[in-house]
Amino acid sequence: MALTIRDAYDLMHRSCMALAEAEQAGFRLDVDRAITSQKHLTRQIDRLEHNLMTTDLVKAWRAKYGALMNFAANDQLGYILYEHFGAKQMRVTASGKGATDEAALEEAMEQIDKPEVAQLLKVRKLKKLRDTYLEGFLREQVNGYIHPFYNLHIVVTYRSSSDCPNFQNIPKRNKEAKKATRDILFARPGHLLLEADFSKLEVVIAACYHKDPNMLKYLTSNSSDMHGDLAKQIFFIKNLNLDDPTHDTLRSASKNGFIFPQFYGDYYGNNAAGLCQWAKLPQHPLWKSTEGLEMPDGSTLAEHFAKNGIYGFNDFLEHMKKIEKHFWGVRFAVYQKWKDKWLHAYQKKGYFDTLTGFRCSGVFRKNQVINFPVQGSAFHCLLWSFCKVNEIAKERKWRSRLIGQIHDALIMDVHPDELQEVIEVVKWVTTEALLKEWDWLIVPLQIAIEFGEVDAPWSQMKKWKG
DNA sequence: TGTTCATGG
DNA sequence: TATCCATGAACA
């Protein structure tokens, strides 16, 4: 039976209460280290800004703006880079000014040969850590615990959001930023942290909507590799060897520069530009033989492309156009048909219903219509699991409890004696009970579990094997 | 208050 | 055709 708005309401109501219990429990913060770390960051920032004062860039900046000169004023920085020093604007913002984000600054830095721009970026990152994360933790902490909120009534897709402080965007990718933040967050004394993430959740949920046989094959066979297959096609590689660092980079490039953007509704023109960044190739009509990543045989990617008839960006653009056509016209043709049908039905009705029973009604763009149901339903898998684990934790009077949630992951504060049992329950709920509960889930779900040592911070998690 | 930047999924 | 969803800080 299809789920109804009543099922959706019940899920929201139960979840609201389960999340409130996690909010009440909270996440332990080492307040002293947060304060010490803030002071250390301030010293670093002051030193960097002091050293920057004598550089060409900042001398010109101060000459123009005098006492109003401000490191955090991107309008000013844009003027100095693009007007004063004449760097070419590679990209503009929504309002038409030259972009000054990290990628834009790196390009400008090369062009006008001003290495001090890297120090500006460094300052920006340190201020983010100090003023957004550490300051937020300290502002919100009560007796050494932060109590992030989880909202269910805000996000247009029926996902959650989190605030005060936001627990869903704490640094993870950058090593230094991860250490500055996650290193001071802990489970209760004598407990350990456990994190359980659904693997490829949005791709799996999309497949439950469109049921494309080729996608179902990718998701159910252990030996197939969608990102690897596209890497081979895009970069003309016969055998992809993931132990080779360049091949591994090319696989990441295909995943993050083509496949995911395509799923969100991007097109080959943007993909070609993005892939060039990954592959270290310029957007020039003719590539030099010295350009591009170094391939396993010692040649460059430019040479490798030339052997396959791609001599520069224009050729590559045409190549990507064909790959996109094959991607949606052949490889995932059923997925494409679902997108067309789903969009058409929305345009007739003005709304659509998700597999989890929610109704999305309003004026939406094409990509939103395609992506909302997937994003929402994926989160609802996590949410249902969250409620179920919480229910079992209370029934069994565990000392372990749920303390947070990040879209496709749940975070627990676990008593070491209960670790085995908690893992068994989490696995059972997420990979068995959930599939029994919702018959629209036609693809098996996988969960990846990480855990820490007793009293170890959130920055130090290890994979659970078994 | 809107824009731009950084962070996460 | 033209990348989905968020929060938060700082500037103008």
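First the proteins, then the strands, lettered A, B, ... as listed; each starts at 1. These numbers come from a predicted model, not from an experiment.
- One atom, NZ of A:Lys97, and another, C1' of B:dT3, lie 6 Å apart when rounded to the nearest Å.
- A:Glu102 has its CD atom 12 Å from the P atom of B:dC5, to the nearest Å.
- Within the 4.0 angstrom heavy-atom criterion, only backbone atoms of the sugar-phosphate kind lie near A:Thr100; the bases stay farther away.
- In this structure, NZ of A:Lys321 is placed 16 Å from P of C:dA2, rounded to the nearest angstrom.
- Remark: the A:Gln460 side chain and the A:Glu453 side chain contain no N/O donor-acceptor pair separated by less than 3.5 Å.
- Per the geometry, CZ belonging to A:Phe358 stands 15 Å off C1' belonging to C:dC5, to the nearest Å.
- Counting non-hydrogen atoms under 4.0 angstrom, A:Val374 reaches nothing in the nucleic acid.
- When distances run from any side-chain atom of A:Tyr133 to the nucleotides B:dC5, B:dT7, C:dC5, the shortest one goes to B:dT7.
- Of all the residues in residues 33-42 of chain A, not one reaches under 4.0 Å from DNA chain C with any non-hydrogen atom.
- Across A:Ala25 and A:Tyr145, no two heavy atoms sit closer than the pair O-CD2, 4.0 Å.
- Using a 4.0 Å cut-off, some side-chain N or O of A:Gln368 falls inside it from OP1 or OP2 of C:dC5.
- Here the side chain of A:Asp212 pairs a donor or acceptor atom with the backbone of A:Tyr335 at under 3.5 angstrom.
- Across all strands, A:Lys125 comes closer than 4.0 Å only to sugar-phosphate atoms, never to a base (heavy-atom distances).
- Put simply, OH on A:Tyr268 is 9 Å from C1' on C:dT1, counting in whole angstrom units.
- Contact check for A:Phe451 versus A:Val414: no side-chain heavy atoms found under the 4.5 Å cut-off.
- Judged by distance alone, the side chains of A:Ser160 and A:Gln168 do bring a donor and an acceptor atom under 3.5 Å apart.
- When the nearest nucleotides of DNA chain C are assigned to A:Phe372 and A:Tyr267 by heavy-atom distance, the more 5′-ward of the two goes with A:Tyr267.
- A side-chain donor-acceptor contact under 3.5 Å links A:Arg124 and A:Asn74.
- Here A:Thr93 reaches the OP1 or OP2 of B:dT4: one of its side-chain N or O atoms lies under 4.0 Å away.
- A heavy-atom distance below 4.5 Å is found between the side chains of A:Leu216 and A:Val443.
- Under 3.5 Å, the side chains of A:Tyr218 and A:Asp229 contain a donor-acceptor pair of N or O atoms.
- Side-chain atoms of A:Glu450 and A:Trp464 form no donor-acceptor pair, as typed in the model, at a separation below 3.5 Å.
- Within 4.0 Å (heavy atoms only), A:Asn371 reaches sugar-phosphate atoms of the nucleic acid but no base atom.
- At C:dC4, none of the side-chain N or O atoms of A:Lys366 fall inside 4.0 Å of OP1 or OP2 (strictly under the cut-off).
- With B:dC5, B:dG9, C:dA6 as the choices, the nucleotide that has an atom nearest any side-chain atom of A:Val156 turns out to be C:dA6.
- Nearest nucleotide to the A:Pro171 side chain, out of B:dT7, B:dG9, B:dC5: B:dT7.
- Residue-level contact check: A:Ala94 touches the backbone only, with heavy atoms under 4.0 Å from sugar-phosphate atoms and none from bases.
- Whole-Å rounding puts the A:Asp408 CG to C:dC4 P distance at 19 Å.
- Among the protein residues, A:Gly265 comes within range of the sugar-phosphate backbone only, with heavy atoms under 4.0 Å from sugar or phosphate atoms but none that close to a base.
- In this model, the phosphate group of B:dT4 is approached by a side-chain N or O of A:Ser95 to a distance below 4.0 Å at OP1 or OP2.
- If you take CD on A:Glu23 and OG on A:Ser162, they are separated by 8.0 Å, rounding to the nearest 0.5 Å.
- OP1 or OP2 of B:dA6 lies within a sub-4.0 Å distance of a side-chain N or O belonging to A:Arg124.
- The side chain of A:Arg173 sits closest to B:dG9 out of C:dC4, B:dG9, B:dT4.
- A:Glu202 comes within 4.0 angstrom of nothing in the nucleic acid, heavy atoms only.
- Rounded to the nearest 0.5 angstrom, A:Leu275 CG and A:Met320 CE are separated by 5.0 Å.
- Distance CG (A:Leu382) to P (B:dG9): 13 Å, rounded to an integer number of Å.
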- Note on the structure: Each nucleotide of nucleotides 7-12 of chain C classed B (base within 4.0 Å of a protein heavy atom), S (only sugar-phosphate) or -, in 5' to 3' order, makes BBSSSS
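- Across all strands, A:Ala99 comes closer than 4.0 Å only to sugar-phosphate atoms, never to a base (heavy-atom distances).
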